[in-house]
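Owing to the predicted nature of the structure, the values given are computational and were not obtained by experimental measurement.
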Amino acid sequence: MRRLECPRCRNRLFFENSRCLECGAEVAIDPVALDVVVLEAGPGRACANRTGAQGCACNWLAPADGTRTLCVACMLTRTRPDLSPPGAAARWASVEQDKRRLLYGLIRLGLDPTGAQGAAPMRFDLLSDPAARAGAEPSVQIGHAEGIVTLNLEEADPAYRERTRSAMDEPYRTVLGHLRHESGHFFWPRLIARDPSRLAAYRELFGDERADYGAALRRHHEAGPPADWHQHYISAYASSHPWEDWAETFAHLLHLLDTLESAAALAVIGPAEDPYEESDGARLVERFAPVGAAINELNRAMGFADAYPFVSLAPATAKLAFILDIVQRDRSTDATTFEPAP
């Protein structure tokens, strides 16, 4: 995340802030400029989900022209969760916060999730799952189908998520990771399936996606990944099917870009060119390597698990470079086109 400041007093702000603690200004993120504005002086008005019992503490702006009361991020939520269970409102706010960070990264890359450029928008079904929360088998499965990303709201509960992560023997499991992964599935048809030459190159690198998807996932969950998966994939789950390899690698590209931008904004690394403008995948991986090692060591110093628990990006570098090259060649040069019509 880039460095953000209060427009009134220049105090350092963070992406999640809705109020400057230095001068007291009520602030919000302008989703077109992707920058902070003071609400009373900004180009729009507060999202209707900013406050109230039915809100999610959204800190983005709705359009200034009054065509919508919701910001673009909240507008993309097709199904809101049931907020009656204890803690559901807080979990929903947490999920929406991660969704805004996802959208920030996509827009920075020139990828339109909003439908502003004519394609169907990415929509979200955020569903409560009381059975799963009580310890039963989840009734809401995380996934993507025909432009709809479904997320089990219980994933925003750290205890539930840790139980699931442990049961599935996963080194990394976060809501933001889920959202980035599913967005990879969303963009695969747009970036790959519609272009025969890209599809052929994809199959050469990732494998043939026409392999039976259901059978591949059953085999993965029953037998586990191949013993040598580290040599070919970014994660064990990526080895299950070419579609999952793409989605896992796509998510890691977003991880790297946001982490590198944040590290530069926090002066953890020296100033360098904008990572979102990087076109060389191998160089992006090289730039990330010391940052990944640093955040892991910092986590260990505080008694936490590694923030980036992956042995090496080397096996997936060619795949990551392939995705980055396609995205950079397709990206828009006008971010203002990502404000959809009502």
Would you say [Y] and [X] are linked by a side-chain donor-acceptor pair, where the criterion is simply a distance under 3.5 Å?
X	Y	answer
Gln328	Ser279	no
Tyr202	Glu209	no
Asp129	Asn152	yes
Arg80	Asn49	yes
Asn59	Arg19	no
Gln141	Thr150	no

ring-ring contact (aromatic ring centres under 6.0 Å, His included) evaluation trace for Tyr308 with Phe288: CA-CA 11 Å; Tyr308 190 79; Phe288 175 79; 5.0 Å; yes
From Glu170, Glu244, Glu248, residue fulfilling side-chain hydrogen bond (donor to acceptor under 3.5 Å, both in side chains) relative to Ser235: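 Per the side-chain hydrogen bond (donor to acceptor under 3.5 Å, both in side chains) rule, the option paired with Ser235 is Glu248, out of Glu170, Glu244, Glu248.
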Output yes when a side-chain donor or acceptor of [X] lies under 3.5 Å from a complementary backbone atom of [Y], and no otherwise.
X	Y	answer
Arg3	Arg12	no
Thr259	His255	yes
Asn299	Ala305	yes
Lys99	Ala73	yes
Ser262	Met1	yes
Ser94	Arg91	no
Lys319	His232	yes

Give, for atom [atom1] of [X] and atom [atom2] of [Y], the distance between the pair rounded to the nearest 0.5 Å.
X	Y	atom1	atom2	result
Asp30	Leu34	CG	CG	7.5 Å
Leu103	Thr114	CG	OG1	9.0 Å
Asp306	Ile295	CG	CD1	8.5 Å

So, using salt bridge (charged side-chain N to carboxylate O under 4.0 Å, His left out) as the criterion, who are the partners of [X] when residues are at least two apart?
X	answer
Asp195	Arg198
Glu155	Arg173
Arg78	Asp125

For atom [atom1] of [X], decide whether the heavy atoms of other residues, nucleotides or ligands shown that lie under 6.0 angstrom number more than 12.
X	atom1	result
Glu277	CD	yes
Asp228	CG	yes
Glu273	CD	yes
Glu286	CD	no

Mutual orientation of the aromatic rings belonging to Trp188 and Trp243 [parallel < 30°, tilted 30-60°, perpendicular > 60°]: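 Perpendicular.
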His185 and His181 aromatic ring geometry - parallel, tilted or perpendicular at 30°/60° bounds: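 Taking His185 first and then His181, their aromatic rings stand perpendicular (interplane angle over 60°).
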Salt-bridge contact Glu22-Arg8 (side-chain N to carboxylate O under 4.0 Å):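 No.
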Pair Arg50 + Glu26, salt bridge at N-O below 4.0 Å: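 Yes, this pair counts.
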Are any non-hydrogen side-chain atoms of [X] and [Y] less than 4.5 angstrom apart?
X	Y	answer
Ile29	Val36	yes
Val327	Ile323	yes
Phe322	Trp246	yes
Leu257	Leu253	yes
Arg329	Ile326	yes
Thr77	Leu126	yes
Arg108	Asp274	yes
His221	Met168	yes

Taking all non-hydrogen atoms of both residues into account, name the closest pair between [X] and [Y] and its distance.
X	Y	result
Ser240	Leu217	OG-CD2, 3.6 Å
Phe250	Gly184	CD2-CA, 3.4 Å
Ser239	Trp229	CB-CB, 4.3 Å
Pro138	Ala132	CA-CB, 3.7 Å
Leu76	Pro113	CD1-O, 3.8 Å
Ser128	Asp82	OG-O, 2.9 Å

For Phe304, the rest of its hydrophobic cluster, which grows through side-chain links under 4.5 angstrom: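 Answer for Phe304: Met302.
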Pairs where residues 78-99 contributes a residue and the test ring-ring contact (aromatic ring centres under 6.0 Å, His included) is met, not counting sequence neighbours: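 Not a single pair qualifies under ring-ring contact (aromatic ring centres under 6.0 Å, His included).
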State yes or no: do [X] and [Y] share one hydrophobic cluster built from I, L, V, M, F, W and Y residues joined by side-chain heavy-atom distances below 4.5 Å, directly or via other members?
X	Y	answer
Leu179	Tyr276	yes
Leu83	Leu127	no
Leu320	Leu205	yes
Phe206	Phe310	yes

Worked check of side-chain contact (heavy atoms from CB on, under 4.5 Å) between Val149 and Arg123: CA-CA 6 Å; Val149 173; Arg123 304 300 297 275; over 6 Å; no
The single option from Leu151, Ile142, Leu102 passing side chain to side chain contact (heavy atoms under 4.5 Å, CB included) against Glu182: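 Testing Glu182 for a side chain to side chain contact (heavy atoms under 4.5 Å, CB included) against Leu151, Ile142, Leu102 leaves exactly one candidate, Ile142.
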Sub-6.0 Å ring centroid separation between His252 and Tyr172: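 Not under 6.0 Å, so no.
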Stepwise side-chain contact (heavy atoms from CB on, under 4.5 Å) test for Leu61 and Cys71: CA-CA 5 Å; Leu61 288 180; Cys71 73; 5.9 Å; no
By ring pair (Phe, Tyr, Trp, His ring centres under 6.0 Å) - contacts of Tyr104 (at least two apart):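 Tyr104: ring pair (Phe, Tyr, Trp, His ring centres under 6.0 Å) contacts with Phe15.
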Steps toward salt bridge (charged side-chain N to carboxylate O under 4.0 Å, His left out) verdict (Arg2, Asp35): CA-CA 9 Å; Arg2 66 176 60 166; Asp35 208 351; 5.3 Å; no
Trace of the side-chain contact (heavy atoms from CB on, under 4.5 Å) decision for Leu254 with Leu109: CA-CA 9 Å; Leu254 295 180; Leu109 266 179; 3.7 Å; yes
